[in-house]
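Reminder, nothing fancy here: chain letters follow the sequence lines and each chain counts from 1.
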There are 2 protein chains.
Amino acid sequence: MTMDPQRRLVPIADPADPRIAEFTQMRDRDLAGRGDRFIAEGRVVLQALLDAEGAGRRFVLEKLLLLENRVEGASDLIARVDPDCPVYVAGRDVLDAAVGFAMHRGILAVGRHLPAPTLAEFLDTLPDQALVVAACGIANHDNIGGIFRNAGVFGADAVVLDGSCCDPLYRKAIRVSVGAALRVPFCRGGSIADLVGSLAVHGFEIAGLSPRGTAPLASFRPGRRLALLAGTEGEGLPADILDRVSTLRIEQAPGMDSLNVATASGIALWHVASSMGRTEAL
Amino acid sequence: MTMDPQRRLVPIADPADPRIAEFTQMRDRDLAGRGDRFIAEGRVVLQALLDAEGAGRRFVLEKLLLLENRVEGASDLIARVDPDCPVYVAGRDVLDAAVGFAMHRGILAVGRHLPAPTLAEFLDTLPDQALVVAACGIANHDNIGGIFRNAGVFGADAVVLDGSCCDPLYRKAIRVSVGAALRVPFCRGGSIADLVGSLAVHGFEIAGLSPRGTAPLASFRPGRRLALLAGTEGEGLPADILDRVSTLRIEQAPGMDSLNVATASGIALWHVASSMGRTEAL
């Protein structure tokens, strides 16, 4: 299936070439939420996209656009690209004009996400012993990206997001996640109550992170299936949801402001992933 | 010492009024590193600045500029402002024109930092049982802000930064820290080797966070004086420094990318702060 990388390169000489229109329209918000297409940038993220595609994780690489002087260093990745996916190459002037100066890292891809049809079907794919992060109302791309990065680092099986969360495939979110938004399977949509209901039906213990949680994190021991529920900063999780789940608080110094939500997810994941044998043996 | 807030307000009608020149010049980088003056914005940050001033933490509030419709809600804070500090008030048109649309939150202050003369003198001020974060080569304001926020949340006594770290009093860093850059005493300057040397002379055990650290974090128990050393992302801490200190690794899933440095500081601080009795009793 491999192919000489040089033989498949398609040179682009005009920044307005319609074949690279998706890239020229991408200035940050443009592609977010438009169908399920997204822009992936940089070597690490392209690698994550190819890995996800190969692992059957519902991603398709549709187009690749490379700065000419990045081709040689990316030849290992180009060799993995499906023969049906075009690989365009352009010089710096063309790429800067097409995409915007400093808007790229010389490696750009258009990907497509084929999400699971329903949350229930998504949860059906998870293993018997499962660790999930459930994110609710996270509107900040740094925080979404950080949550995915932490989910990847600590070996979580999936992230589920309510419909009020921002898109983890938005460029900045992918970048902050260091590609984990493509590596960690996710499903997005519905209300918090929908998420909590579906997780419960699938046998998950649901632990809501809250500064006013009843149980201290350090003494918490998860069972076989755990969903860590993280809410928006400021407001936190709604009271009616906190009433329906068990709640954990990350012990902190008295009288201080609360943690950033992505950092809180990292602390909680470190603790529970150790208990669930997701991290290296001690 | 309190004063009727209304009586001390100085109206500003011209965006070019020289009395508010520091604010009009502040578009992000301008004040960073210029002497020791900085811009603080928003109610939470102004409160942190007033608290720090009151607690003798080497900060001076020099000027305050308020959007007229924020005066009433900020009257408790205005009442705490030193009588020598001018309090300017402007309408939205004037403030937007002076400072830039959406560049303010209706509450802006010019502060001045009076740093400790030397690192040794700074370390002399710390209590016998002490927890310090030592940051090296952190060039990203989000990460510096995040490290300070975590230091505050977990009751660390101080942050020390080598000279290659960015300024924690840069606007975005203060904002991300939610004011902790003003609440947690800090000292910045010198090389990593200087930091490590001074901390050792002051009786600190120095634990470097590194994905290749020899001891797993979960089994680490700190002594009376601990400095958690966090290096830049990507490169990490230099090898010659890692050879001179004990090293901790945050256990993670095999084969994954490493944590964000601010998140890593949060996980390590949560663990050691509990051991050192800095968090709520369990």
Side-chain angles (χ1 to χ4, degrees), chain A residues 44-45 47-48 51 131 142-143 145-157 176-180 183-184 211 215-220 233-234 249-271 273-282, chain B residues 44-45 47-48 51 131 142-143 145-157 176-180 183-184 211 215-220 233-234 249-271 273-282:
Chain A
V44 169
V45 173
Q47 193 167 347
D51 291 348
L131 173 58
D142 287 288
N143 286 336
I147 287 170
F148 270 87
R149 183 172 180 177
N150 295 335
V153 164
F154 294 113
D157 297 291
V176 170
S177 81
V178 198
R183 293 192 187 279
V184 181
L217 176 64
S219 47
F220 176 69
E233 287 191 71
R249 68 177 185 280
I250 296 172
E251 306 88 329
Q252 61 172 81
M256 286 290 172
D257 287 322
S258 65
L259 285 161
N260 164 271
V261 65
T263 304
S265 78
I267 294 170
L269 279 166
W270 176 66
H271 177 74
S274 295
S275 291
M276 296 175 83
R278 298 299 174 110
T279 58
E280 51 159 340
L282 296 188
Chain B
V44 169
V45 173
Q47 193 166 346
D51 291 347
L131 172 58
D142 288 288
N143 286 336
I147 288 170
F148 270 88
R149 183 172 180 177
N150 294 335
V153 165
F154 294 113
D157 298 290
V176 170
S177 82
V178 199
R183 292 191 188 279
V184 181
L217 177 64
S219 47
F220 176 69
E233 286 193 70
R249 67 175 185 281
I250 296 173
E251 307 87 332
Q252 62 170 82
M256 285 290 172
D257 286 321
S258 64
L259 285 161
N260 164 270
V261 64
T263 305
S265 77
I267 295 170
L269 280 166
W270 175 66
H271 177 74
S274 295
S275 291
M276 296 175 84
R278 297 302 175 108
T279 57
E280 51 158 342
L282 296 187

### Message
Quick check: closest heavy atoms across A:Ala253 and B:Gly155, and the distance to 0.1 Å?
### Response
CB-N, 3.6 Å

#### Entry: Rounded distance [0.5 Å steps], CZ in B:Phe154 versus CD1 in A:Ile250
6.5 Å

### Query
Which one, B:Ser258, B:Ala156, B:Ala273, B:Pro254, leads in non-hydrogen pairs under 4.5 Å with chain A?
B:Ser258

### Message
Quick check on the interface: out of B:Val176, B:Leu259, B:Val178, who has the most heavy-atom pairs with chain A under 4.5 Å?
### Response
B:Leu259

### Message
Nearest 0.5 Å, please: how far is CH2 in B:Trp270 from CG in A:Leu217?
### Response
4.0 Å

### Summary
Heavy-atom closest pair (A:Gln252 atom, B:Val153 atom, distance to 0.1 Å) is CB-O, 3.4 Å

### Message
Less than 4.5 Å to any heavy atom of chain B: does that hold for the side chain of A:Arg149, its backbone, both, or neither?
### Response
side chain

Output side-chain donor-acceptor pairs under 3.5 Å for residues 262-269 of chain A, partner residues at least two apart or in another chain, one line each.
| residue | atom | partner | partner atom | Å |
| --- | --- | --- | --- | --- |
| A:Thr263 | OG1 | A:Asn260 | OD1 | 3.4 |
| A:Ser265 | OG | A:Asn150 | ND2 | 3.2 |
| A:Ser265 | OG | A:Ala262 | O | 2.6 |

